[in-house]
Amino acid sequence: MAGSALRRLMAEYRQLTLNPPEGIVAGPISEDNFFEWEALIAGPEGTCFEGGVFPAKLVFPPDYPLSPPKMKFTCEMFHPNIFADGRVCISILHAPGDDPMGYELSAERWSPVQSVEKILLSVVSMLAEPNDESGANVDAAIMWRDNREEFNKIARRIVRKTLGLPS
Amino acid sequence: MRSLGLSALSLALTAVVIGNAFYQKKQFYPSVVYITKSNPSMAVIYIQFFVIVLMLGKLLRKIFLGTLRPAEFEHLMERFWYALTETCLAFTVFRDDFNPRFVALFTVLLFLKSFHWLAEERVDYMERSPVIGWLFHVRVASLLSVLGLLDYLMIVHAYESVALKGPTVQLVFGFEYAILITMVANTTVKYVLHAAELRADSPWENKAVFLLYTELVIGLIRVILYVLFVIIMAKIYALPMFVFRPMFFTMRNFKKALNDVIMSRRAIRNMNTLYPDATPEELAMSDNICIICREDMVSNSKKLPCGHIFHTTCLRSWFQRQQTCPTCRLNILRTPTNVTSSPPPPRPEGVNAPNINPNAGIQVPLPGFNMNNNNNNNNINIGQENPFTNLFAQNFGQAQAGATGANAGGNGTAGQVPPHVPPFVLPPFPFMAPYAIPPPPMPPNLNTLTDEELRALEGNERRHVEERLKLLQNVQLLLDAANSLMNQYSLVTARLPPIPAAATSSTVVPPSTAVSGAASTSSSTPTANSVSPEPSTSQAAFDPAAAKSATPKKDIITPVKSAQIDTNKPQSTLPEIEKDVRIEDLGSEEHADTVKHSQHNSTPTPSTSRQTSEVDPDDTELSEIRRRRLQKFQQQNDSVKTTTNE
Ligand SMILES: [Zn+2]
Ligand SMILES: [Zn+2]
């Protein structure tokens, strides 16, 4: 019998495939390694990211679900809560006790009750409502707050780019 | 392709060098002497030597490992460069011994090291892949035995050399191979454990503990080796700078392993002493999926003071990291397991430990009487035995007041109490003595809060939070009181002549369900709605609110309890229950299904069959799912494209 982390990831994968949430597709990149997933997230409707399909990569630790996975967008992103290299900075991906920004509530942090699905849904809502207190991308945070027009413009350019359209 | 070209080039160069030598000297020995004397020729020969080593490495990799995964290659390269710089540092210490043989020995060492790392990566990979074939086992087993054998031979050789010629550079090699052999041992143990788990039919619970202790023992051996080596080297040569980096990492790993073992032991001890096993009745409830591993709980499960149930082993590994409930984040270290004194007693049956029940005589086991009663009786006994007796007594007094208040309120609640429950009687039990104590304050009536009081509850400043906490403490007190009241009821009913089981169970609705529901809604604190949803919601819903509605509610909320809140009068003298009650602790949502009819116990859990199929998916099914996933993405992508083009 496989290890507990692998069994849980297989269970989550099965669950995600049987009842896929709206606008989210996720699963292992290769069937012989369940600890690296690819995810495709559709930009939430009614936001500047609407219409985009954003690819991301999730890497799970060997002790999953005791520790959270790491998530990284593999396309260009411009968002207050996403680092320039694509890493996602939201509280659900941080274990209590490690708080890079020092503002997150422990109740929102990682715990085994969370899952890949919840992470991805949190990312969708993060796309819809950026948290400009987090300093993952300071430029994006400032632009989101002070110059929404410009921010939307960049977001739409990224959306077109993820679709392979000329910008 | 590029490496092939380079090897061809080096082969051609070597051929030219050797051909040139033969052309000039015509004979074997003079040619050899000619080559060794000429620096350019020697350089070419050295390069050829490295190329041969590389090709041999590729061949061995093909045999023992097959194709490397990108991550494996990346890690190999990273470690290789570190090892190379350390080797160069080592050269500085042994400047005098520097000769071709020395370089060759270091090359062989680096070469073998690389295979040790790869073997380690491979064995770690076993845990990640559902498809481990026989070829994998053959490869890993043979690789590990070959590496172990080579390490052993090298150690013996180094030992003999040092014993014969005194301390030379062989000391370093002996030490390096000793470290490598600990690595082989560690990897072998891991491999055996992983393989045993793969072969087992059921989850192997103690594997994590075995791994932990292996890590500790190997770590200790390595630390001792490093310290010995540094001391010996410092005495004979100079401080060996080149081992400082690996030594630092080894010591850090050892410290971590030690810490892990200590935490694990503590977790196991807590598990065995503090938390009760979940009873079969609790496990038979509808949501018996352990949220840590997402598998059914059949046995070996523990219940935390907050009422959440998990596999013993899952909980143990979680407690190694954090001492909180995974579901509601209740800090279990701050929470006494005794429910009577714990700040959030959402489930009154939190204590189910018959062994700490000195007054077993009070428990009246009645057929058809559900377990809530037993547990509540336990609570009473504990309450009497421990220093919280006083508080308990106050709660009890309050319970009485609450009950009379409800009746006096004349809001019809008395009529709705099932008729076989007698009106409030004072059972002549010894623990009812503290009744004489004046009732403690009542939480304020939430409907009649003045604007000022409401304002005091809003905002984020300290006094606002204090106000909210005060209100929550009141609610908490009320809860305890209601709990005690229910104990009385149950005791009273226990003394009655036997009545039909179904009727009994409907009367003993635990008060906490109604009141805690009121508590979580009345306290509109910002954290209250961010509490993690319970296990059942994980698959169905993301939104905690939706999750709540999705949870099957099958309780019968007796109006008595909700009426109690309305009849409460605000007072100010509060007994201090616990200062640091966390808001999210109190707001934690609960299953309302604490009342469970005994006939439900035999109901098979619906998810069992699904679960077993999840654990072991066959390959065709997997690829089918992947195909579907890609298809779905394609569709999504296409539809999005068309909409954006418009
Ligand atoms: Zn479990
Ligand atoms: Zn809990």
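Below, chains carry the letters A, B, ... as their sequence lines are ordered, and counting in each starts from 1.
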Partner residues of A:Glu50 under the side chain to side chain contact (heavy atoms under 4.5 Å, CB included) criterion, sequence neighbours left out: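 Side chain to side chain contact (heavy atoms under 4.5 Å, CB included) list for A:Glu50, sorted by chain: A:Glu45.
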Pairwise distance OG(B:Ser129) to CG(A:Leu6) - rounded to 0.5 angstrom: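 One finds 7.5 Å between OG of B:Ser129 and CG of A:Leu6.
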Whether over 12 other heavy atoms sit under 6.0 Å from A:Glu129 CD: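 Incorrect, the count does not exceed 12.
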Atom CZ of A:Phe78: over 12 foreign heavy atoms under 6.0 Å: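 Atom CZ in A:Phe78 is crowded, with more than 12 foreign heavy atoms closer than 6.0 Å.
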Short side-chain to backbone donor-acceptor contact, B:Arg329 and A:Arg109, under 3.5 Å: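 Yes, because the side chain of B:Arg329 sits within donor-acceptor range (under 3.5 Å) of the backbone of A:Arg109.
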B:Ile291 backbone acceptor or donor facing A:Arg8 side chain under 3.5 Å: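 Between the backbone of B:Ile291 and the side chain of A:Arg8 there is a qualifying donor-acceptor contact (under 3.5 Å).
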Nearest heavy-atom neighbours spanning [X] and [Y]:
| X | Y | result |
| --- | --- | --- |
| A:Gln114 | B:Arg294 | O-NH2, 3.4 Å |
| A:Asp32 | B:Tyr125 | O-OH, 2.6 Å |
| A:Ser111 | B:Trp318 | CA-CH2, 4.2 Å |
| B:Ile292 | A:Pro65 | O-CG, 3.0 Å |
| B:Gln322 | A:Ala95 | NE2-CB, 4.5 Å |

Contact between [X] and [Y] at the side-chain level, heavy atoms closer than 4.5 Å - yes or no?
| X | Y | answer |
| --- | --- | --- |
| B:Asp124 | A:Pro62 | no |
| B:Pro326 | A:Val113 | no |
| A:Ser30 | B:Arg69 | no |

Contact class of B:Arg321 relative to chain A, heavy atoms under 4.5 angstrom: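 Just its side chain gets close to chain A.
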A:Tyr64 portion near chain B, given a 4.5 angstrom heavy-atom threshold: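 It is neither, since no heavy atom gets under 4.5 Å.
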Partner chain A: residue of B:Met126, B:Lys207, B:Arg128, B:Arg199 with the largest heavy-atom pair count (under 4.5 Å):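 Option with the greatest count: B:Arg128.
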Side chain to side chain donor-acceptor pair (under 3.5 Å) contacts in which one or both residues fall within residues 136-148 of chain A, not counting sequence neighbours: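 Applying side chain to side chain donor-acceptor pair (under 3.5 Å) to every pair that reaches into residues 136-148 of chain A, excluding sequence neighbours, yields nothing.
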